[in-house]
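Start at 1 with the first residue, then count along the sequence. Quantities reported herein were computed from a predicted structural model and do not represent experimental measurements.
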Amino acid sequence: MPSLIRIFALGLLGQLGATMAAELSEDEQALLQAYGGEDMISIATGTQQPVRKAPSVTSVITAADIKAMGATDIDEVLETVPGLHVARNNIGMNPIYTFRGIQSTFNQQVLMLVNGIPITHIWAEDRSIAWGGMPVQAISRIEVVRGPGSAVYGADAAAGVINIITKTKSDINGTEIGGRIGSFDTYDGWGLHGGSWAGFDVAAMLEYHKTHGYDSIVDSDLQSSFDQIFGTRASRAPGPMSLTRNNLDVRLDVSRDHWRWRGGLQHRGDWGLGAGMAQALNPYGRYDADRWNTDLTYHNPQFTEHWDVQAQASYLHSANENTRDNWLLPPGTLLPIGADGNISGAPLGVVRFPNGFIGNPFTYEQHARVNLSGTYTGFADHQIRLGTGYNYSSLWARETKNFGMNPYTGQPIPFSGFPAVMDVSGTSAVYIGARDRQNFFLYFQDEWKLARDWQLTTGARYDFYSDFGETLNPRAALVWDMRYDLTAKLMYGSAFRAPSFQEMYAKNNPVT
């Protein structure tokens, strides 16, 4: 019976596509049958191949793996990947995916994809402050590359790439419903359905998560330092962090023949600020965030005799909004305010803020992407991949606050006689004006089978950005299959991170 299962599993792998089948020699197929199969990966090159042959250091985690480890959130899954550590940001305790010790506050050096599409936000070049993690019931597999990936994926794939692949009809056995209750008033529920309708394969997924969050105590915060300087007692420390969450994930996957359409919503509500937006405890501030996405993909592995062609268009809209006034520093704080209405080392005066030092940034983004790629197998021992695409991103913002300059009077807001919190949207006093970015790219890749056990992968990607210039990122990897269970790889690659709008255009912002 185990042999029959292995043979059946090998048969399923054989259906993944003609391209993959062409890559496996008779000896390799025999090894797969003898040793029970091997995980396949596409993130390293854009085409399916065995993990051991991928021209990168890769890991694959399947839905079965996730179920076996008992993980409830993607961060728990990723913590099991060698060379990847999940650290935490003070703002909301959001995850920082640290590859091989490379870390930054906003985690811009790691590219996260959902079904091969970036979910990067251009304000900070991260996953937005209300990312809030991701439940795992709808995840089919996770592919991870440790090392540079800009030759394939462009910006932000500097330290590593994480691709989350969601389930399709073939991954869901009819209808599944489940739930759990945990500590810290945590409640989870989910429902998945896979079936056919009017000739289409359909998969629908809904996941819900609500928690109060654990009560981690902060002994001292930024306001504690101001209290010592000015003799105030405004700090909420010692006190607990605010880690409430109310998450809803909805996804729909519809496919037929060579076409696949996906749509989804990630809602993050009642989102607590963790240790505070400016590292001063705020138990009352809350954020809401919505991320809407849709994409349409045409993939024909036998477009012609030697061409595997894929075309894709996608759209992502996101909104981050305060649902309550967000104090950067708490009510009763006493601060040195300069002539521009901001905190200053050379103050115009020391000002008390009875309602707190309040800043409410609202950020809205939209991202539209189109790309076309083709893999050519007409040359002996070569597999050539070509691709091109265009990305458009835009950002606009609203803001209310009780500091900075009053754009109508030219005087600092605290001294202007206006209400405690003033709407400065659309004026020179807002933290960022409307901005957009265009990115055009093209890439080339050659997978050359030098001998039965040797493969050389070379390639490069060229990116042009409308607001900061161009960059070319090459790669090369020599892979030697020494034995069925031992592989040696010699790799070179370069990568880049695109500057965020926060770094390029932010103003009137005391946090950044």
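Remark: the Gln108 side chain and the Glu125 side chain contain no N/O donor-acceptor pair separated by less than 3.5 Å. Checked by atom type, the side-chain pair Arg262/Ser314 shows no donor-acceptor distance below 3.5 Å. Residues Glu207 and His209 bring no donor and acceptor atom of their side chains to less than 3.5 Å of each other. Side-chain atoms of Thr168 and Arg260 form no donor-acceptor pair, as typed in the model, at a separation below 3.5 Å. Checked by atom type, the side-chain pair Arg385/Gln445 shows no donor-acceptor distance below 3.5 Å. Asp308 and His299 form a side-chain donor-acceptor contact under 3.5 Å, judged by distance and modelled atom types alone. Side-chain atoms of Glu79 and His85 include a donor-acceptor pair closer than 3.5 Å. With no hydrogens or angles considered, no side-chain donor-acceptor pair links Tyr392 and Gln366 at under 3.5 Å.
Looking at Arg100, its side chain never comes within 3.5 Å of a backbone N or O of Ala159 through a donor-acceptor pair. Without hydrogens or angle criteria, Asp446 side chain to Thr458 main chain gives no donor-acceptor distance under 3.5 Å. The backbone N or O of Asp295 lies less than 3.5 Å from no partner atom in the side chain of Gln312, so there is not a single donor-acceptor pair.
Residues Asp188 and Gln137 are not in side-chain contact: their nearest non-hydrogen atoms beyond the backbone lie 4.5 Å or more apart. Side-chain contact between Gln455 and Pro55 is absent, with no heavy-atom pair separated by less than 4.5 Å. In this structure, the side chains of Tyr505 and Asp467 come closer than 4.5 Å at one or more pairs of heavy atoms. Between Asn107 and Asp126, the closest side-chain pair of non-hydrogen atoms is not below 4.5 Å.
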Audit row: Thr47, Thr45, side-chain hydrogen bond (donor to acceptor under 3.5 Å, both in side chains) steps and yes/no: CA-CA 5 Å; Thr47 57; Thr45 60; 3.0 Å; yes
Checking side-chain hydrogen bond (donor to acceptor under 3.5 Å, both in side chains) for the pair Ser128/Arg268: CA distance, chi angles, key distance, verdict? CA-CA 11 Å; Ser128 90; Arg268 304 294 180 254; over 6 Å; no
Before giving the answer on side-chain hydrogen bond (donor to acceptor under 3.5 Å, both in side chains), spell out for Thr471 and Asn473 the whole-Å C-alpha distance, their side-chain angles and the decisive distance to 0.1 Å. CA-CA 7 Å; Thr471 177; Asn473 291 272; 3.2 Å; yes
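Rounded to the nearest 0.5 Å, atoms CG (Leu113) and CD1 (Ile162) are 9.0 Å apart.
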If you look only at distance, which donor and acceptor atoms sit under 3.5 Å apart when one is on a side chain in residues 189-200 and the other is two or more places apart or in another chain?
unit_1, atom_1, unit_2, atom_2, d
His193, ND1, Thr175, OG1, 2.7
Ser196, OG, Lys169, NZ, 3.0

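Within a 6.0 Å radius of CH2 in Trp261, other residues, nucleotides and ligands contribute more than 12 heavy atoms. Summarising the local packing, CG of Asp485 is surrounded by more than 12 heavy atoms from other residues, nucleotides or ligands at distances under 6.0 Å. Counting heavy atoms of neighbouring residues, nucleotides and ligands inside a 6.0 Å radius, atom CZ of Phe379 does not exceed 12 of them. The number of heavy atoms from other shown groups lying within 6.0 Å of OH (Tyr208) is above 12. When the shell of 6.0 Å around CH2 of Trp292 is examined, it contains 12 or fewer heavy atoms from other residues, nucleotides or ligands.
Looking at every heavy atom in both residues, Pro499 comes nearest to Arg437 through O-NH2, 2.7 Å.
Arg461 has a carboxylate O that lies under 4.0 Å from a charged side-chain N of Asp463, or vice versa, which qualifies the two as a salt bridge.
The aromatic rings of His317 and Trp396 lie tilted to each other, with the angle between the two planes from 30° to 60°.
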